[in-house]
Amino acid sequence: MAGRRDWTRETLAAGVRAGDTRALARAITLVENSDVLAYDVVHDLYPETGRAYSVGVTGPPGVGKSTLIAALIRHVRSVGRTVGVISVDPSSPFTKGALLGDRIRLADHFLDPDVFIRSMGTRGHLGGLAETTLQAMLVLDAAGKDVLFVETVGAGQSEVEVLGIADTIVLVLMPGSGDSVQALKAGIMEIPDVIAINKLDHPAAKTMLNEVRSILSLDRERGWRPPIVLTEATRGENVAELWEKIEEHRAYLEREGLLDERRRKNLAGEVFAVASGRAKAHLEHAVADDPELRRLLDDVQQRALDPLTAVREILQKVFHVDSDHSP
Ligand SMILES: Nc1nc2c(ncn2[C@@H]2O[C@H](COP(=O)(O)OP(=O)(O)OP(=O)(O)O)[C@@H](O)[C@H]2O)c(=O)[nH]1
Ligand SMILES: [Mg+2]
């Protein structure tokens, strides 16, 4: 196994550029570990990125996201396109179940040098999942992968963070994903670009189709009406159609000039999210480390100081921000 010291900034960047699998694996591990070498390499490669098309695949646990991605890979490989997959597992590093599941389902493609698959956990990463995922995607993009799939489990907060990374978002549901349907209906879950209702072999698939259809029909304002595809990932049923819808969405974005706009919004969102996360961590540490600032909080608790005055003093001391003009 090549160690950290076998790669320099130059050789690693060159390896990634050449699509060398070992270089990719190393670069992404360094990204996960917040290693400064990863930061340098992404910095150097960034101007060459933006060529890959990214597809976010999200949905509740167990609906068949990984199986569907494996089937989509088979399809896009058959038309000669190269693929990168980042499977985001927000669970702790001690529950490897989902990771293992992904490995098995995606295993068909492990021997194909034009497919690079990687599961990523949070592992207490400072910048959070979104930062790690974005950096890893940039590495795969720079490696010349044509299509990037990002799998996220849509059951909590983390997937919302990650959603803003992809060009096209596919929501995968299955009969029984009632909670997600309710979330869509209530507007809690953002309307995706394409919906796959998987496990069409299940008798309740058609009912789910009608439900989702009726929710989407309430929203007539959109320029893009999210298509719904019934799939059976295990047999590859309708997977070609699903890919066609993804491509149609891409064509729509390009035709309307929306792709650049979406990417701009996504990247701005990323930069702000990461910057805010760091600012928050900095603030928390500063307050924890400074007895004077901690005393302000005690004063607030004892009603000796009102909360907004404490805010003003903390911001002034930590960020040198004068917040007099904002409440
Ligand atoms: N009957 C049926 N089973 C399927 C289908 N697609 C996937 N499965 C099965 O559903 C189970 C979960 O599939 P995965 O692909 O791991 O689902 P996932 O959404 O990636 O799961 P997590 O990553 O754990 O959230 C597996 O046992 C699959 O074999 C399908 O179309 N029909
Ligand atoms: Mg999975």
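From a predicted model like this one, the values you see are computed outputs, not experimental measurements. Ligands are counted one by one from 1 in listed order, and the atoms in each one are counted from 1 as well. Quick note: numbers below take in every heavy atom, side chains included, and nothing from hydrogens, waters or symmetry partners.
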Less than 4.0 Å between a side-chain N and a carboxylate O, is that true for Asp193 and Arg262?
yes
Within 4.0 Å of some non-hydrogen atom of Thr67, the atoms of ligand 1 are 7 (C), 13 (O), 14 (P), 15 (O), 28 (C)
Of Ser66, Gly236, Gly62, the one whose closest heavy atom lies nearest atom 12 (C) of ligand 1 is Gly62
Would you say Thr58 and Thr152 are linked by a side-chain donor-acceptor pair, where the criterion is simply a distance under 3.5 Å?
yes
For atom 9 (C) of ligand 1, which of Arg235, Lys199, Glu232 has the closest heavy atom?
Lys199
Could you tell me whether some N/O pair between Val63 and ligand 1 is separated by less than 3.5 angstrom?
yes
Part of His202 with heavy atoms under 4.0 Å of ligand 1, whether side chain, backbone, both or neither
neither
For ligand 1, indicate whether the residue Asp201 contacts it via side chain, backbone, both or neither (heavy-atom separation under 4.0 Å).
side chain
Say whether Thr231, considering both its backbone and side-chain N or O atoms, lies within less than 3.5 Å of an N or O atom on ligand 1.
no
Applying side chain to side chain contact (heavy atoms under 4.5 Å, CB included), name anything that partners Pro227, two or more places apart in sequence or on another chain.
Val194, Trp224, Lys245
Quick look: Asn198 vs ligand 1, heavy-atom contacts under 4.0 Å, and the answer is side chain
Please report the interatomic distance CG(Leu45) to NE2(His43), rounded to the nearest 0.5 Å.
10.0 Å
Under 3.5 Å donor-acceptor, Asp306 side chain and Thr309 backbone:
yes
Measure from the Mg ion (ligand 2) to each N, O or S atom of Ser66 and report whether any distance is below 2.8 Å.
yes
Output yes when a side-chain donor or acceptor of Arg294 lies under 3.5 Å from a complementary backbone atom of Ala288, and no otherwise.
yes
Which atom of Glu151 is nearest the Mg ion (ligand 2), counting N, O or S only? It is OE2
Donor-acceptor pair, Asn198 side chain versus Ala233 backbone, under 3.5 Å?
yes
Quick note on ligand 1: atoms under 4.0 Å from a heavy atom of Pro61 include exactly 25 (O)
With sequence neighbours left out, what residues match Asp167 under side chain to side chain contact (heavy atoms under 4.5 Å, CB included)?
Tyr53, Ser54, Leu259, Arg263
